[in-house]
Amino acid sequence: MFQLSKIKSAVAGVALSMTASIAFAADFPERPIDLIVGFKAGGGTDTYARALASAADAHLGGQPVVVVNKPGGGGLVGGRFVADQPPTGYTLYLASAGSMVLKNLIKPQVVSAKDFKMVGTIGELTAGIFVPASSPIQSLDELIEAGKSADTKMRWGHTGRGNVWHVAGLGVLNPNEVAAKDVPFKGGSGVRAALASSEVDFGIMGAHLGRGFEDDVRLLAVLANDRHPAAPDAPTAKELGVDFVPVSSSMIVMAPARTSDEVVAQLSDAIVAITQDEGYVDTLSTAGLPTSSVSGPDTAVALTASEAEWAKLLESME
């Protein structure tokens, strides 16, 4: 009898816990949600965050999303801050996930994707391969052929060894056996300036960074499967039939790892709805930035697959 009483009590406790969890999820959210961005206002990640916030309340029961900038450590300071917050779902992190993953593949950082549950992907910064506007090279095929020639000693610019755009460059150069000297610069604007002055023969940077600089640089191709809204006439490497490993920086909303599955699922549904909102799409289209609308579970699968592919590319740096 005593054992039966204990079992009934335990079952009742579990049922009460489940009921409380479901009730909490049903009422969520009851107040504004903070979205932490690990960079200063005005950059690409911040632009995505503010576009999301502008369309969020209609899909979150009238509750707003408040963008909070916490720059430092290449975005990781903000990430660590969110990972340490109570797992209530009211403090989320918008990560430039490609950068986070690559940094942790090279060396363990203060925060990694393992510290979070994926809520959803809201956009994706993809790379473009550019040449100076004065370059005689007119296509990606011509560039690859020039890079294979023993008579050619090409130099290419990127944003730092191990950075997203450096690894994106390896993702097209390695499969096509292109030999070229890599030259790091500070940020995409540094790569663009080096291209404009013909300091390098070609360069890899965010495809959107060529917009408005068509007199200085020429975009040969977008290193992705889909065309880029900032350069809709530029072909993709996939369209051209060129072998490449896609390396990009997905904009992923993340919640602290201990956040309940129920709340994460509700947030994921909301993120998918927001990213399909006409206002959100129009805002980013005007900014020349690609949108995405991917659920949390599908985001987690894609991130794991990308991590495995990128680890192989990093081995070529050793």
Is Arg192 close enough and on-axis enough to Phe130, meaning under 6.0 Å and within 45°, for cation-pi?
no
Gap separating the OH atom of Tyr280 from the CD1 atom of Ile122, nearest 0.5 angstrom
3.5 Å
Backbone N/O of Phe39 and side chain of Asn69: donor-acceptor pair under 3.5 Å:
yes
Starting from Met100, can I reach Val77 by hopping between I/L/V/M/F/W/Y residues whose side chains sit under 4.5 Å apart?
no
Please tell me whether Val301 and Val253 are part of a single hydrophobic cluster in this structure, the criterion being side-chain heavy atoms less than 4.5 Å apart.
no
Just by modelled atom types, is the Lys238 backbone N or O under 3.5 Å from a matching donor or acceptor in the Asn225 side chain?
no
Atom pair CG/CD1 of Leu143 and Ile129 - distance to nearest 0.5 Å:
4.5 Å
Evaluate side chain to side chain contact (heavy atoms under 4.5 Å, CB included) for Asp216 paired with Leu195, printing each intermediate quantity in order.
CA-CA 7 Å; Asp216 301 312; Leu195 285 163; over 6 Å; no
Angle class for the His166/His158 ring planes (parallel below 30°, perpendicular above 60°, tilted otherwise)?
tilted
On a heavy-atom basis, which atom in Trp310 and which in Pro246 lie closest, and how many Å separate them?
NE1-O, 3.1 Å
Does Tyr90 reach the main-chain N or O of Pro29 with its side chain, forming a donor-acceptor pair under 3.5 Å?
no
Looking only at non-hydrogen atoms, find the nearest pair between Gly279 and Asp277 and report the distance.
N-OD1, 2.8 Å
Asn104 and Ser112 side chains, donor-acceptor separation under 3.5 Å:
no
How many angstroms lie between atom CG of Asp46 and atom CE of Met251, to the nearest 0.5 angstrom?
10.5 Å
Donor-acceptor contact below 3.5 Å, side chain Ser268 vs main chain Gly296:
yes
Can you find a side-chain donor-acceptor pair between Gln276 and Ser293 that sits under 3.5 Å?
yes
Determine, stepwise, if the pair Phe185 / Val200 fulfils side chain to side chain contact (heavy atoms under 4.5 Å, CB included).
CA-CA 11 Å; Phe185 295 92; Val200 291; 3.9 Å; yes
Any donor-acceptor pair under 3.5 Å linking the side chain of Arg218 with the backbone of Ala133?
yes
Any donor-acceptor pair under 3.5 Å linking the side chain of Thr259 with the backbone of Pro256?
yes
CD on Gln266 to CG on Leu60, rounded to 0.5 Å:
10.0 Å
Scanning both residues in full, the closest heavy-atom pair of Val164 with Gly98 reads CG2-C, 3.7 Å
Ion pair present between Asp201 and Lys153, side-chain N to carboxylate O less than 4.0 angstrom?
no
For Ala221 and Leu140, the nearest pair of non-hydrogen atoms, with its separation, is CB-CD2, 3.9 Å
In terms of heavy-atom contacts, Thr275 and Val281 come closest through O-CG2, 3.6 Å
Just how far is it from atom OG1 of Thr121 to atom CE of Met254, taken to the nearest 0.5 Å?
8.5 Å
Report the C-alpha distance between Ile33 and Phe28 in whole Å, list the side-chain angles of each, state the deciding distance to 0.1 Å, and finish with yes or no for side chain to side chain contact (heavy atoms under 4.5 Å, CB included).
CA-CA 10 Å; Ile33 295 172; Phe28 181 86; 4.2 Å; yes
Are Leu125 and Ile271 connected, step by step, through hydrophobic side chains (Ile, Leu, Val, Met, Phe, Trp, Tyr) whose heavy atoms are closer than 4.5 Å?
yes
Tell me, with the steps shown, if Leu52 and Leu35 meet side chain to side chain contact (heavy atoms under 4.5 Å, CB included).
CA-CA 10 Å; Leu52 186 78; Leu35 181 61; 3.7 Å; yes
Result of checking Val245, Thr126, Ile204 against Leu223 for side-chain contact (heavy atoms from CB on, under 4.5 Å):
Ile204
Minimal non-hydrogen separation, Gly147 against Val178, with atom names
CA-CG1, 3.7 Å
Between Ser306 and Leu303, is there a donor-acceptor pair closer than 3.5 Å when you use the side chain of the first and the backbone of the second?
no
Sub-3.5 Å donor-acceptor pair from the side chain of Arg80 to the main-chain atoms of Val110, do we have one?
yes
Between the side chain of Gln85 and the main-chain N/O of Phe81, is any donor-acceptor distance below 3.5 Å?
yes
Atom pair CG (Leu173) and CZ (Phe202), whose distance is rounded to the nearest 0.5 Å:
4.5 Å
Is there a chain of hydrophobic side chains (I, L, V, M, F, W, Y, each step under 4.5 Å between heavy atoms) that links Leu219 to Val131?
no
Assigning hydrophobic clusters by single linkage (Ile, Leu, Val, Met, Phe, Trp, Tyr; side-chain heavy-atom cutoff under 4.5 Å), is Trp165 placed with Val183?
no
Side chains of Ser249 and Ser96: donor-acceptor distance under 3.5 Å anywhere?
yes
Any donor-acceptor N/O pair, Tyr48 side chain to Leu94 backbone, under 3.5 Å
no
Side chains of Ser198 and Ser134: closer than 4.5 Å at any heavy-atom pair?
yes
